[in-house]
Amino acid sequence: QVQLVESGGGLVQDGGSLRLSCTASGRTFTVYGMAWFRQDSGKEREFVAAINRSGGSTYDAKFVQGRFTISRDNAKNTVYLQIDSLKPADTAVYYCAASTRPYPQTLTRFYDYWGQGTQVTVSS
């Protein structure tokens, strides 16, 4: 089992940047492929990006278009999401998730563990 704790969210202006972090504790971090999802109020949780166990491969949702970058530091048990050129449409709660299933996974049901989420709000 693994526990995930996100941080780094906040209120930012249109065009700004944020770096979200997700730190894992418990079972060995490198057994998990990791991902970020987001969920706006009243909408379904949507896939943002995934990264494989070693960090050598990433997979992005189509809407990312180079504005989001997922990375991980296995020595720190942490996965990151760098978000640039933020838009009001990016406002959501951002969740990190861990999966032991083959990489990449884009559906929520294939992720075993979830963090509590961190709120990102982009003002226009």
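Using a 4.5 Å heavy-atom threshold, the side chains of Arg45 and Trp114 count as touching. Side-chain contact between Val2 and Phe29: absent, with no pair of heavy atoms (C-beta onward) separated by less than 4.5 Å. Trp36 has its side chain within reach of Cys22: a pair of non-hydrogen atoms, C-beta onward, lies under 4.5 Å apart. The shortest distance between side-chain heavy atoms of Thr121 and Val12 does not fall below 4.5 Å. Between Gln82 and Arg67 there is no side-chain heavy-atom pair separated by less than 4.5 Å.
Within the model, atoms CG of Asn52 and CZ of Arg72 stand 7.0 Å from one another, a figure rounded to the nearest 0.5 Å. The distance from the CD1 atom of Ile83 to the OG atom of Ser17 is 9.0 Å, given to the nearest 0.5 Å. Atom OG of residue Ser124 and atom CD of residue Gln13 lie 9.5 Å apart, to the nearest 0.5 angstrom. Expressed to the nearest 0.5 Å, how far CG of Leu107 lies from CZ of Phe47 amounts to 9.5 Å. Put simply, CG on Asn77 and CE on Met34 are 9.5 Å apart, with the number rounded to the nearest 0.5 Å.
The backbone N or O of Cys96 sits less than 3.5 Å from a side-chain atom of Glu6, completing a donor-acceptor pair. When atom types are taken as modelled, the side chain of Asp112 and the backbone of Thr100 share a donor-acceptor pair closer than 3.5 angstrom.
Side-chain atoms of Tyr80 and Arg19 include no donor-acceptor pair closer than 3.5 Å. A side-chain N or O of Thr23 and one of Thr78 form a donor-acceptor pair less than 3.5 Å apart. Side-chain atoms of Ser57 and Tyr103 form a donor-acceptor pair, as typed in the model, at a separation below 3.5 Å.
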- Give the intermediate values and the outcome of side-chain contact (heavy atoms from CB on, under 4.5 Å) for residues Tyr95 and Gln116. CA-CA 7 Å; Tyr95 297 90; Gln116 83 289 348; 6.0 Å; no
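Checking Asp90, Val93, Leu81, Thr91 one by one against Arg38, the side chain to side chain contact (heavy atoms under 4.5 Å, CB included) holds for a single residue, Asp90.
Residues Ile70 and Phe63 are members of one and the same hydrophobic cluster, defined by side-chain heavy-atom contacts under 4.5 angstrom among Ile, Leu, Val, Met, Phe, Trp and Tyr.
Other residues, nucleotides and ligands place no more than 12 heavy atoms under 6.0 Å from the OH atom of Tyr59.
Here Tyr111 pairs with Phe37 under the ring-ring contact (aromatic ring centres under 6.0 Å, His included) rule; sequence neighbours left out.
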